[in-house]
Every structure is written in C-alpha cells, then in structure tokens.
Amino acid sequence: MKTFTKTLMMALMAMLAFSVTSCDDDDEIAYTLEGTWEGDMYVSTYYDGSYYDATRTEVCFLRDPYRYSSGDGYWVDYYRDYYWGGYNYIANHIRWEVNYGRITIHLIEENYTFDIYDYSLTDNYFTGYLYFDDVRHKFNLRHVSSPNWNSYYYGYYDDYYDPYYYSNGNSLGMQRAKANQPAPGKRVFRTRE
C-alpha cells in the first residue's frame with residue numbers, strides 16, 4: 001500500500017509540473033508573439049466572381065496586462081489593384097489567445113476564428129500553418145516593429161479608435177463600425193498557382 005501511495009503521489013506531482021510548465025510556455029509564446037508582424041498569409045478576397053490576392057499582411061499582437069497569454073490587436077490585408085470605398089486594405093480588430101501552444105485568432109469585424117498550432121516562432125520570424133475551415137494554409141511573417149493602433153480606419157469607420165473602448169466589449173462601437181463598412185467580399189485562404 002505504501003508503494004502504491006508513493007507512486008500515486010509521484011504521478012500527481014508530475015501532472016502538476018506539466019500543467020504549470022504548459023502555462024509558462026503559453027506566456028513565453030505570447031511574449032515572443034507580441035508586436036507587429038508582416039509578410040504573406042496567402043489570403044485572397046473573392047468578390048464579384050474574381051479572386052484578389054493580398055500583396056502583404058500586417059498582424060499586431062498586444063498582450064492583455066492581466067492575462068499574459070491573450071490580448072487584442074489588428075490584422076490588415078493590403079491589396080494592390082483592388083479598392084473598397086477608396087481604401088486598398090481590409091482591416092480587422094483581433095482577439096487572440098495562446099492555450100497549450102495553440103494560437104487562436106478571432107477577426108472581430110469579419111467574425112472569423114482560426115487556429116495556428118503547426119508553427120515556428122522566434123524573435124524575428126513567425127512561420128507555419130493556420131487552420132481555417134478544416135484546411136491547412138501556409139503563412140510566413142517577420143517581426144517588424146511595435147504596434148501603432150491609430151493608423152487605420154477599422155471597418156471603414158473613420159472615428160478615433162481607442163483600443164480599450166473596443167476591447168472592453170463596447171458593442172455599440174462595433175455595431176457602428178460594421179454598419180459603415182461596405183461588403184468587400186469573402187476572405188479566402190488559398191494556395192496560389
């Protein structure tokens with residue numbers, strides 16, 4: 001009986017150490033992820049019977065000061081020859097979270113959620129695959145700078161943007177932004193030929 005109790009105690013201690021390590025790993029991933037990343041997410045927009053490829057994507061991850069493994073930010077896809085209401089980009093606020101190494105990103109304006117769990121992340125490069133609609137899509141980003149919240153008109157709503165106004169769940173602000181946004185088309189992650 002003494003051996004069984006000792007074995008059980010060792011197993012419980014091992015499980016506790018694993019859960020603490022996983023939480024610490026998530027915080028480390030979030031710490032490395034924080035900042036602005038730029039590159040190719042291989043995203044396109046399908047509109048009026050045609051695909052339009054984004055020339056580059058910029059994603060900014062800002063950590064929540066109270067929950068270090070999650071936060072807010074923005075995602076901007078830039079297009080060379082395609083304009084919606086005079087803009088050549090589609091911008092979304094994001095909410096993100098790292099949970100046991102899996103990065104979940106929610107695009108607020110477009111109401112899309114996808115996961116990233118097959119990736120390589122260093123201080124300079126973030127590469128791998130995101131999973132959307134049960135399909136794996138490649139991406140390749142590099143770390144470029146610290147975030148700048150005020151440089152875009154989110155959802156084509158040109159009022160001053162306060163990140164805490166939106167991140168605290170102010171639904172009126174998000175409804176106003178969505179109501180003023182023209183329908184640019186459907187976001188599509190696809191392999192380019």
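With a 4.5 Å cut-off on side-chain heavy atoms, T57 and D40 do not count as touching. Using a 4.5 Å heavy-atom threshold, the side chains of F132 and H137 count as touching. At a threshold of 4.5 Å between non-hydrogen side-chain atoms, the residues D118 and R136 count as touching. In this structure the side chain of N92 reaches within 4.5 angstrom of the side chain of I90, judged on heavy atoms. A 4.5 Å side-chain heavy-atom check between I94 and I108 finds every atom pair outside the cut-off. Counting heavy atoms from C-beta outward, F114 and L107 have side chains that approach closer than 4.5 Å. Under the 4.5 Å side-chain criterion, counting only non-hydrogen atoms from C-beta, F126 is in contact with I103. The closest side-chain heavy-atom distance from W37 to L121 is below 4.5 Å.
Across S69 and A30, no two heavy atoms sit closer than the pair CA-CB, 3.6 Å. Across all non-hydrogen atoms, the minimal contact from V76 to A91 is CG2-CB, 4.0 Å. When all heavy atoms of G101 and I29 are compared, the closest pair comes out as CA-CD1, 3.8 Å.
Grouping Ile, Leu, Val, Met, Phe, Trp and Tyr by side-chain contacts under 4.5 Å, direct or through others, puts Y131 with Y117, Y129.
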Derivation of the side-chain contact (heavy atoms from CB on, under 4.5 Å) call for L141 and M41: CA-CA 8 Å; L141 303 174; M41 294 300 282; 3.9 Å; yes
Could you walk me through whether D24 and E28 pass the side-chain contact (heavy atoms from CB on, under 4.5 Å) check? CA-CA 6 Å; D24 288 344; E28 183 64 30; over 6 Å; no
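Residues forming a side-chain hydrogen bond (donor to acceptor under 3.5 Å, both in side chains) with T104 (at least two apart in sequence, or on another chain): D115. Contacts of T127 classified as side-chain hydrogen bond (donor to acceptor under 3.5 Å, both in side chains), with partners at least two apart in sequence or in another chain: none.
The line from CG of D123 to CZ of R142 is 15.0 Å long, rounded to the nearest 0.5 Å. Here N140 contributes atom CG and Y125 contributes atom OH; the two are 8.5 Å apart, rounded to the nearest 0.5 Å. Rounding to the nearest 0.5 angstrom, the gap separating the CZ atom in R56 from the CG atom in D77 is 10.5 Å. Rounded to the nearest 0.5 Å, atoms OG1 (T55) and CG (N88) are 7.5 Å apart. Separation of atoms CH2 (W75) and NE2 (H106) is listed at 12.5 Å; rounding is to 0.5 Å.
Donor-acceptor pairing under 3.5 Å is lacking for the side chains of Y89 and E58. Side-chain N/O atoms of T45 and Y79 include a donor and acceptor closer than 3.5 Å.
Aromatic ring centres of Y46 and Y52 lie farther apart than the 6.0 Å criterion allows.
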Show me the donor-acceptor pairs within less than 3.5 Å that the side chains of residues 60-68 make with the rest of the protein, sequence neighbours left out.
{"residue": "R63", "atom": "NE", "partner": "E34", "partner atom": "OE1", "Å": "3.1"}
{"residue": "D64", "atom": "OD1", "partner": "Y66", "partner atom": "N", "Å": "2.7"}
{"residue": "D64", "atom": "OD1", "partner": "R67", "partner atom": "N", "Å": "3.4"}
{"residue": "R67", "atom": "NH1", "partner": "S70", "partner atom": "OG", "Å": "3.4"}
{"residue": "R67", "atom": "NH2", "partner": "E97", "partner atom": "OE2", "Å": "3.1"}

